[in-house]
Every structure is written in structure tokens, then in C-alpha cells.
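Counting from 1, the numbers follow the sequence of the chain as shown.
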Amino acid sequence: MRQLIPTGDALRPVEFTEAPQPVPGPHEALVKVEAFAPNRGETFLLERPASGLLPGKDIAGLVVQAAADGSGPGIGTRVVGHPPHGGWAEYAAVPTHSLAVLPDGIDSVRAAALPLAGITALRLLRTAGSLAGARVLLTGASGGVGHYVTELAAAAGAELTVVTATPERGARLAELGAAEVVHEVADARGPYDVVLESTGGPHLPVAVSKVRPGGLVVWFGQASRTPATLDFFQLLGGPERVTIRHFHYAGAPYGRDLAALVRLVERGRLHPEIGRTADWSETADVLVDLRERRVRGKAVLTTGATRPAEQPATTGAARMADHSTPTGAAREAGHPATAGATR
């Protein structure tokens, strides 16, 4: 089969090779990959790739071999998956606990944009707790995670301020429910109950200064790729008793969260923001653009096996009706604002 592997070349980060088709373990299904979505963090790993690195964690496609232990979907089922590696290939072995079945109305391109960014958004908002009526600041908001967080947080009742590099990138976030768009963290008008910080570097201490006394800062990324420095005494002149929580999304199983994301998309309550769709022959160029922040939202690559989704006659009307009741998105996602429990 064809598979993309790292080159170590910053300008052409991956290239095709011929590789054996993966042999799934007893709890894994073999999926014929129709579309996959790289993540910006993966582009960093490709700069100095570890020996044997096989990138690819976000895929959608068709089950061609069911798991030997009887778990998971059967042959011929369309799925979205979050394998630990190896998804940039014609076939991928995926643990059945990290798969979700796709309905006819969701095509593989939109589905592939869901896993890592969508799961991160769901788990990040659960970490933040109840957001109904809360003032929330989100930095680095124009990527895949930021779009999902914006739509879900707004649906949960948050008054959300987002930080983006340009007005063009902020416009879509406003459409998704952001109450205010700013282009520098320093311009955000605090205090905020919760700060969701993803840029690190010099932006982190500024973001911390925007939280109310006793508030929560969830640090979930370092997109600036620059270490952050916090001054203990500087906090004494600003918000005291602040909780700063380090966050990482990872932790299987992922299937339940994938299924929640699929339901939200199917009901028109979550809208994957896909800034680039291309054939996987263009993967190297797309990876460079993603690394250099030239893609808004997600980038999705197709392998040539992608089939269009069936669109029921009522899909558009249903989407409009569902989108007019945003609290449904938070409920479907299991968000504590509507689920009645803080996780």
C-alpha cells in the first residue's frame, strides 16, 4: 500500500513509500482511509522525526476487516477514527474503542476534521467546568480547536472573547458565537472567570493577568513554540489565588467523544471549519502551510477513495432549526453547563 513517511526536510516534510498493509490486532479494525487531517503539532514532530515515526491520528473511511475479538463496527461500515499513528496511508489499523460510526449525511472530509481538535475541545470545556453565564477568554482561537471551542462554549452560555491574528480569522468565530474578537491578548477586557490559553511564550503571563481573583487558567498549548515565564510577585499585584491547570487531551478510549462529535455535526450544532481540502499528493505542501499558519481551521487530505455523503431532503432545514437552539450542542457534548455535573 502507499503510505506517507517523514523525510526530515522542512520544505518537503513527507514522501510516499510502499509499505505492507497493517495487520490489525484482535481489538483493532482495518480501515480503508478515505480522508485524513494533519494537526499542526504533527508538523513539529516532522522537523526532527524520530526513527520509525508513522504520522497520522485523524482519519475517516471504510471498515474492510472487523476486529477479531468481535468488538466495534462490521465490514462495510463508514467510520471516523483516532488511531495512535499511521493514518496517512491507504489502510490503517484502529482500536475499536477509538472509532465512531458515520451516518450517511456526514462525508469523510468533514469527519476527518473531527478527532484530535474536536476531542480536545470537548475535554477542554469539561475541564473548565460550568460555563453558563461565565466570561471566558480563548487565545490562539483561529485553529481547529479554537473553532470547535468557540461554537461549543457559546452554546453552553459563555460570554466568549477570542484572540485571533487578523480580523478575517475573527469574523468566522463571531459567526459561531464569540461575543468579542480582539487581536492581542493585552486588548482583552477582563476580568474573566476562565482563560483558555494555547499560545504560551510572552502571551501566557498577559493572559493570566486577565483572570479574576480565584479564577481558572487552563493552559492547553504553546503554539508560539516559546517557553513561558511567570513572575510570582507580579501576580500579587493582579489576580491572586489563581489556579493554573496544565491540560493535555490524550487518553483513550476516544470512541464516546467521537460519537458525540458526530451527533453534533449530524444535527447541525457543530460545524467543522475546513480551510483547505486537497488530494494527498499535495500533503507536503499542505503541511508546510499548516505549520506556517496559512490555513484557517483544519486541512483535510483525500486519498481518492472518498465518496460523497447522502444528503436527505430535510438536511438544510433541520440544520437551521437545530442551530437556532445552541444549548443543545452543549448537552450533546456532555458539557457540564447542561449535563448537570462538573467533570
For the pair E34 and T303, evaluate side chain to side chain donor-acceptor pair (under 3.5 Å) and give the outcome as yes or no after the intermediate values. CA-CA 5 Å; E34 298 179 348; T303 65; over 6 Å; no
Separation between CZ (F44) and CZ (R291), nearest 0.5 Å, reads 9.0 Å
Between E151 (side chain) and Y148 (backbone), is there a donor-acceptor pair under 3.5 Å? no
Set out, in order, the CA-CA distance, both residues' side-chain angles and the distance that settles side-chain contact (heavy atoms from CB on, under 4.5 Å) for V194 and V211, then state yes or no. CA-CA 7 Å; V194 177; V211 74; over 6 Å; no
Please tell me if the side chains of E273 and K298 come closer than 4.5 Å, counting only heavy atoms from C-beta onward. no
More than 12 heavy atoms of other groups within 6.0 Å of E47 CD: yes
I want to check something: taking the side chain as every heavy atom from C-beta on, are W280 and T302 in contact at a cut-off of under 4.5 Å? no
Candidate pair T199 and E197, rule side chain to side chain donor-acceptor pair (under 3.5 Å), full reasoning: CA-CA 6 Å; T199 53; E197 213 293 299; 2.4 Å; yes
Which other residues belong to the hydrophobic cluster containing L11, where Ile, Leu, Val, Met, Phe, Trp and Tyr are joined when side-chain heavy atoms lie under 4.5 Å apart, directly or via other members? none
Worked check of side-chain contact (heavy atoms from CB on, under 4.5 Å) between I75 and V64: CA-CA 5 Å; I75 294 174; V64 294; 5.6 Å; no
Kindly indicate whether the side chain of D289, heavy atoms from C-beta on, has any atom under 4.5 Å from the side chain of R276. yes
Are the side chain of N39 and the backbone N or O of E42 linked by a donor-acceptor pair below 3.5 Å? no
Look only at the side chain of K210 and the backbone of A186, and say whether a donor-acceptor pair between them is shorter than 3.5 Å. yes
Interatomic distance, NZ@K57 vs OG@S98, rounded to 0.5 Å, equals 9.0 Å
Could you check whether any side-chain N or O of T127 sits under 3.5 Å from a backbone N or O of R123, counting only pairs where one atom can act as donor and the other as acceptor? yes
So do L138 and L160 actually touch side chain to side chain, heavy atoms under 4.5 Å? yes
Beyond-backbone contact of I106 with E266, side-chain heavy atoms, under 4.5 angstrom: yes
With respect to V14, which candidate in T43, L46, D9 satisfies the side-chain contact (heavy atoms from CB on, under 4.5 Å) definition? L46
d(M1 CE, E90 CD) to nearest 0.5 Å is 7.5 Å
Using the six-membered ring wherever Trp is involved, compare the ring planes of Y254 and H82 and label them parallel, tilted or perpendicular (cut-offs 30° and 60°). perpendicular
Could you tell me whether the side chain of T164 reaches within less than 4.5 Å of the side chain of H183, counting heavy atoms only? yes
Main-chain N/O of T139 paired with S198 side-chain donor or acceptor, under 3.5 Å: yes
State, yes or no, whether a side-chain contact exists between R293 and R40 at a heavy-atom distance under 4.5 Å. yes
With side-chain contact (heavy atoms from CB on, under 4.5 Å) as the test, would you mind laying out the steps for V265 and L261 before giving the verdict? CA-CA 6 Å; V265 174; L261 293 165; 5.6 Å; no
R135 to Y192, cation-pi by 6.0 Å centre distance and 45° axis angle: yes
Please check this pair: side chain of R78 against backbone of P103, looking for a donor-acceptor N/O pair closer than 3.5 Å. yes
As a test of understanding, state which of D187, V185, V181 forms a side-chain contact (heavy atoms from CB on, under 4.5 Å) with V163. V185
Between E180 and R189, does any side-chain N to carboxylate O distance fall below 4.0 Å? yes
Output yes when a side-chain donor or acceptor of H27 lies under 3.5 Å from a complementary backbone atom of P95, and no otherwise. no
Does the pair L99 and V80 meet the rule for a side-chain contact (heavy atoms from CB on, under 4.5 Å), with working shown? CA-CA 6 Å; L99 289 170; V80 57; over 6 Å; no
Taking C-beta and beyond as the side chain, do L152 and L270 meet within less than 4.5 Å on heavy atoms? yes
